[in-house]
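Here you go, one structure.
The shown structure was predicted, so the numbers you read here are calculated from the model rather than taken from an experiment.
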Amino acid sequence: MNTLHYILCGALLLPAVGQADAADRSSDWQFHGFLTQGFVKTDHNRFFGPSDKGSFEFTEIGVNASTRPLPELLLSAQLLSRKAGAMYNGTPAIDFAVARWDFMDQDSYRAGLSLGRLKNPIGLYNSTRDVAHTRPSIFLPQSIYFDKVRNLEHSSDGIMLHLDRFGESQLLSLDMGLGQLLMDDNVEAAYLGQDWRGNLETDKISRIAQLRYATLDEQWRFALSYADGHMKFKPGPGDPLSAGKTQFRFIVGSVQYNTASWTLSAEYAREPLKQQGYGPLIDSKGTAESYYLQLQHYLNDSVTLHARYEEAFIDKDDHSGRKAAAAFGIPAYFRYTKSLTLGARWNITPSTMLSADYSFNRGTYLLSSQDNPNPANLRKNWNMFALLFSYRF
């Protein structure tokens, strides 16, 4: 964590002492938080811990604070503890820490600049994925929002420009930023097959952007998102891989239609990926492809039903995985995932929520090797039941 994050978070999370006007300004502060506990059971394979036996290794605890020391300046930060199987061990970390300055604010347009640990504006849900109440299901569509590299996709350390143009019936927004992506052992396991003794690190500053269009009533929402990443690997003692580089671009198109009783969402992504210098087992060049279609039905103010179908492929030119199976001698189903998820949510109170999902899955591409270190144990067809309780304040 760099000095900027300590400054921002210290300013937010430690109340001022001895300030003569503290009482007068106490209303400027807002504090929120959440506690989420999940249970996952799979008949084969593992998702968030030993789910084949039943796993409670999915816990999220977050506290956040925000204040406006000036009308045009917003400071906000969140401390998050996340337990997710072998991927995240619950160690508290700064999830975001942002200073945003709105230097122009007119009737028809607004412009702002953000600095710090920023949420990456990717797709419909990435900017709010940390709070369970904002997710359409227990887990976001894994075809777009990869939990196996959650931190990489969620945040970056850098700077971002925000532009909004207000029309009579629509809003057009553009976010553009430069930043350093967040790296951890899960990123190395996802791109290089496992967590090696060496280190996979960011090599260059990443570019992140999103263009959004929405009607003012938010009946229609459209978005086009872009992010790129550049990483380099420094082998450790005994690693069979050479020093290599990974480059990717992540491009997502999003659309959502809302009515009083229904929400229909769809997203499509492509990820051109190039890995070179590691050796023949890792070096590759291709384009991953994924999409989902999701329907939510609001029975009343408290109960929502949802259904989603999604597919993801490591290679858009080899959906079946047969080419890779023939070339590398691996099961074809390692190269794709196809899932159908059905579920329901009950908002018991505005602060408490209970959700249940059941997923039918074919293929293992979206599973983490951290939770499934032995590929020989993976099964092509597997089902998953998940239950989640969440409280927020």
> Would you find a donor on one side and an acceptor on the other, under 3.5 Å apart, between the side chain of E310 and the backbone of S290?
Replying inline: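 Answer holds: no.
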>> Other residues, nucleotides and ligands only: do more than 12 of their heavy atoms fall within 6.0 Å of CG on N300?
In response: yes
>> Tell me whether R150 is salt-bridged to E60, with the criterion being a basic N under 4.0 Å from an acidic carboxylate O.
In response: no
>> Can you tell whether the side chains of D28 and R68 come within less than 4.0 Å, N to carboxylate O?
In response: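 Salt bridge: no.
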> Do Q275 and F233 touch side chain to side chain, with heavy atoms closer than 4.5 Å?
Replying inline: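 Result no, sub-4.5 Å side-chain heavy-atom pair not found.
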> Looking only at atom types and distance, does a side-chain atom of S206 sit under 3.5 Å from a main-chain N or O of L181, one as donor and one as acceptor?
Replying inline: no
> Any Lys/Arg nitrogen of D239 or R197 sitting under 4.0 Å from an Asp/Glu carboxylate oxygen of the other?
Replying inline: no
>> Can you see whether N120 engages S156 through a side-chain donor-acceptor pair at a distance of less than 3.5 angstrom?
In response: yes
> Is the shortest distance from a Lys or Arg side-chain nitrogen in K323 or D315 to a carboxylate oxygen in the other one below 4.0 Å?
Replying inline: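 Judged by the 4.0 Å cut-off on N to carboxylate O distance, K323 and D315 do not form a salt bridge.
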>> With no hydrogens and no angle check, just 3.5 Å: does a side-chain donor-acceptor pair link Y298 and T263?
In response: yes
>> Quick check on K41: does its NZ atom have over 12 non-hydrogen neighbours (other residues, nucleotides or ligands) under 6.0 Å away?
In response: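 Counting neighbours around NZ of K41, more than 12 heavy atoms of other residues, nucleotides or ligands fall under 6.0 Å, so yes.
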> Should the ring pair W101 and F103 be called parallel, tilted or perpendicular, given that the plane angle runs from 0 to 90° and is split at 30 and 60?
Replying inline: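 Tilted: the ring planes of W101 and F103 meet at 30° to 60°.
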>> When you compare the side chains of S51 and T42, does any donor N or O come within less than 3.5 Å of an acceptor on the partner?
In response: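 There is such a pair between these side chains.
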>> Could you check whether any side-chain heavy atom of L241 comes within less than 4.5 Å of a side-chain heavy atom of P235, counting everything from C-beta outward?
In response: no
>> Taking atom CZ as the centre, does R212 end up with more than 12 heavy-atom neighbours from other residues, nucleotides or ligands that are less than 6.0 angstrom away?
In response: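 Enclosed.
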>> Do E267 and Y291 pair up side chain to side chain, a donor and an acceptor below 3.5 Å, judged on atom types alone?
In response: no
>> Hydrogens and angles aside, do N89 and T91 bring a side-chain donor and acceptor to less than 3.5 Å of each other?
In response: yes
> For S390 and T36, does a side-chain donor sit closer than 3.5 Å to a side-chain acceptor?
Replying inline: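 Short answer, yes.
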>> Can you list everything that forms a side-chain contact (heavy atoms from CB on, under 4.5 Å) with Y333? Sequence neighbours excluded, please.
In response: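 Testing Y333 for side-chain contact (heavy atoms from CB on, under 4.5 Å), a comparison that skips the adjacent residues, returns P331, Y336, T364, K380.
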>> Pairing donors with acceptors under 3.5 angstrom, does anything connect the side chains of N347 and H133?
In response: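 Absent: no donor and acceptor within the cut-off.
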> Ion pair present between R110 and D164, side-chain N to carboxylate O less than 4.0 angstrom?
Replying inline: yes
>> Parallel, tilted or perpendicular: which one describes the rings of F146 and Y365, with boundaries at 30° and 60°?
In response: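 The arrangement is tilted - the two ring planes meet at 30° to 60°.
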> Would you say S339 and Q142 make side-chain contact, with heavy atoms under 4.5 Å?
Replying inline: no
> If you look only at pairs with a residue in residues 123-132, which of them pass as a salt bridge (Lys or Arg N to Asp or Glu O under 4.0 Å), with sequence neighbours excluded?
Replying inline: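 Every pair satisfying salt bridge (Lys or Arg N to Asp or Glu O under 4.0 Å) with a residue in residues 123-132: K119-D130, R129-D147, R129-E153.
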> Any side-chain heavy atom of Y145 within less than 4.5 Å of one from N126?
Replying inline: yes
>> Closer than 3.5 angstrom, by distance alone: can the side chain of R165 be matched with the main-chain N or O of S108 as a donor-acceptor pair?
In response: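 Yes, R165 side chain to S108 backbone: donor-acceptor pair under 3.5 Å.
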> Does the side chain of T246 pick up a donor-acceptor pair with the side chain of Y278 at under 3.5 Å?
Replying inline: yes
